[in-house]
Amino acid sequence: MIKLAPDQQTGKLSFITLGIESSCDETGIGLYHSEKGLIGHQLFSQVAIHAEYGGVVPELASRDHIQRVVPLIKAVLKEVELTLSDISGIAYTAGPGLAGALLVGSAVAKSLAWSLNIPSLGVHHMEGHLLAPLLEQQRPSFPFVALLVSGGHTLLIDVKAIGVYEILGESLDDAVGEAFDKTAKILGLGYPGGPALAKLAQQGNQQAFTFPRPMIDRPGLDFSFSGLKTFARNTFAKYPNQQADIAKAFEVAATSTLMIKCKRALQQTNRKTLVVAGGVSANVSLRQTLDAMGVSLGVDVFYPRQEFCTDNGAMIALAGHFRLSKGQVTATAEIGIRPRWCLEDLEAV
Ligand code: KG4
Ligand code: ZN
C-alpha cells in the first residue's frame, strides 16, 4: 500500500507525507520528504477571527478550517512544484483538541487519501509538538526528558523512543499557556494573551513583586498554575498601575517553577537531554532560564524554531512520517478523531 516514488532529481525512492493540523485555531499544512526532510509548510492563523471574543470560539474555528484547508494544501504543493499524485501518505491531527475542528482535518485527510489510494494516519497533537525539535539541524537524540507547554497541556515526559512515553508529571489544573492567557486577560491584554504578557513583562521591574512557586515544596513532578492567576488578580486589584511589574512577577514565577520541575525530572531519570516544545516554549524568558539550568547541570536543551513552537502542520507531517513510513495507518472507514487522548496510549514505532 505504501507508495514509494523515485525522486525527480536523485532518482532515489522517497516517501512524501502531507501533514494537516486543525486541532484548535490554526490551520497548518506541512510536507515532509523522507530524504530531504521538511520541504514545505504554510499556516493560517485564526487570531483575528477570535480576537473580538477574547478566546477561541469552537464553531467559528471549525467553519474557518473548512474554508482554509484545501487552498492551503494547494498552495504548499504549488510552492514546491509538486502535485497531489506525488503524496505517499497523509497525516492529520486526530486529537487532543476541539472535536469539530479535528473533524475537518480528519475528513479532508481521509477523503483525499481514499481518492488517491494512499494511507492516512491520525497523529497525536502533543507528539507533533514533542518531535518538532527533530525538524532542526541540531537534533536531540533519544532518550530524553520532554517538557511540553501549550495552551491545553503541561507535561513532563520521559521519552524513551518515538511512541514510548512515560508521563512523569502534569498540571493538576490550568495548563501553563492557559495561565498565561488568563493572567493576560486579567491585566486587560488581548487574545492570545501569552505573547502579549511576555512582551509587557519586558518592561516590568522584577523586584516589585514576588509570586509563589506553586507546588515546589511537595515531592513529585506535577504542576498547579491556577493559584498564580489568582495571585495576579489580587495584586492587580491592589496595584492597578503596575501591570508590567505583575506580568513580570507572573512570568518569573511560572518559568522558575517549570525550571525547578525540569531539574527534578532530569535528576530523577538521569537523562542528559531536555526537549522543550509547545506554544510556551516560544517564551524567551523560559528559554533563558532553562538554558542556564542546562549549563549548570551539563544537560543539552533543545527547542523547535520559534514558528514551530506554536501549532503548525510541519510537526504533524514529521510525526506522521515516522509512523506512516513504518506502515502504521488508521483504517479509512474510521472517523478517526480522539478529542481526549493520552500520550502513553500511543503505539511504539
Ligand atoms: O501549542 P500551542 O500553539 O497550542 C496548543 O496546543 O494549545 O500553544 C498556545 C499557547 C497559548 O496559551 C499561548 O498564549 C502560549 O502558547 N504562548 C506563549 C507564548 N507564545 C505562545 N506563552 C508565553 N510566552 C510566549 N511567547
Ligand atoms: Zn499545540
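Every number for a ligand or one of its atoms is a count from 1 in the order of the listing.
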- With atoms numbered from 1 as shown, which atoms in ligand 1 lie under 4.0 angstrom from a non-hydrogen atom of His129? 1 (O), 6 (O)

- Query: With the threshold set at 4.0 Å, does a side-chain nitrogen-carboxylate oxygen contact exist between Asp300 and Lys272?
  - Reply: no

- Given Gly279, Ala201, Ala196, Ala277, which one has a non-hydrogen atom that is nearest to atom 20 (N) of ligand 1? Gly279

- Task: For the Zn ion (ligand 2), find the closest N/O/S atom on His125 and give its atom name.
- Result: NE2

- Test Ile157 against Val145 for side-chain contact (heavy atoms from CB on, under 4.5 Å), laying out the working first. CA-CA 6 Å; Ile157 303 164; Val145 167; over 6 Å; no

- Look at atom 24 (N) of ligand 1 and say which protein heavy atom is nearest, naming residue and atom and giving the distance to 0.1 Å. Asn283 ND2, 3.0 Å

- Message: Under a 4.0 angstrom heavy-atom cut-off, which atoms of ligand 1 come close to Gly151?
- Response: 5 (C), 7 (O), 8 (O), 9 (C), 10 (C), 12 (O)

- Quick one: look at Thr310 and ligand 1, take heavy-atom pairs under 4.0 Å, and tell me if it's side chain, backbone, both or neither. both

- Query: Is the closest side-chain donor-acceptor distance between Arg213 and Ser256 under 3.5 Å?
  - Reply: yes

- Tell me which N, O or S atom of Asp311 sits nearest to the Zn ion (ligand 2). OD1

- Item | Cys24 near the Zn ion (ligand 2): N/O/S under 2.8 Å | no

- Message: Between Ile167 and Leu221, is the side-chain contact (heavy atoms from CB on, under 4.5 Å) condition met? List the steps.
- Response: CA-CA 10 Å; Ile167 296 177; Leu221 294 166; over 6 Å; no

- Task: Considering only non-hydrogen protein atoms, determine which one is nearest to atom 15 (C) of ligand 1 and report residue, atom name and distance to 0.1 Å.
- Result: Val280 CG2, 3.9 Å

- Can you sort out which atoms of ligand 1 are near Gly152, meaning under 4.0 Å from one of its heavy atoms? 7 (O)

- Query: Short question: side chain of Thr154, backbone of Val176 - any donor-acceptor pair under 3.5 Å?
  - Reply: yes

- Message: Less than 3.5 Å apart, any donor N or O on the side chain of Asp158 or Thr269 sitting next to an acceptor on the other?
- Response: no

- For Gly177, the ligand 1 atoms with a heavy-atom partner under 4.0 Å come out as 12 (O)

- Message: Taking the basic N atoms (NZ, or NE/NH1/NH2) and the acidic carboxylate oxygens, is any pair closer than 4.0 Å for Glu127 and Arg323?
- Response: yes

- Give a yes/no on ligand 1: does His153 have at least one heavy atom closer than 4.0 angstrom to it? no

- Starting from atom 3 (O) of ligand 1, which protein heavy atom do you reach first, and at what distance in Å? Asp311 N, 3.0 Å

- Query: Can an N or O of Gly194 be found at a distance shorter than 3.5 Å from an N or O of ligand 1?
  - Reply: yes

- Answer yes or no as to whether an N/O/S atom of His129 is found below 2.8 Å from the Zn ion (ligand 2). yes

- Query: For Lys229, which of Asp173, Thr183, Asp174 qualifies under side chain to side chain donor-acceptor pair (under 3.5 Å)?
  - Reply: Asp174

- Message: Does Lys160 have more than 12 heavy atoms from other residues, nucleotides or ligands lying within 6.0 Å of its NZ?
- Response: yes

- Pro195 near ligand 1, heavy-atom distance under 4.0 Å? yes

- Salt bridge check: are Arg68 and Asp64 linked by an N-O gap of less than 4.0 Å? yes

- Query: Nearest non-hydrogen atom to atom 13 (C) of ligand 1 belongs to which of Val284, Asn312, Asp181, Leu197?
  - Reply: Asp181

- Around atom CZ of Arg287, are there more than 12 heavy atoms of other residues, nucleotides or ligands at under 6.0 Å? yes

- Query: Do any heavy atoms of His125 fall under 4.0 Å from ligand 1?
  - Reply: yes

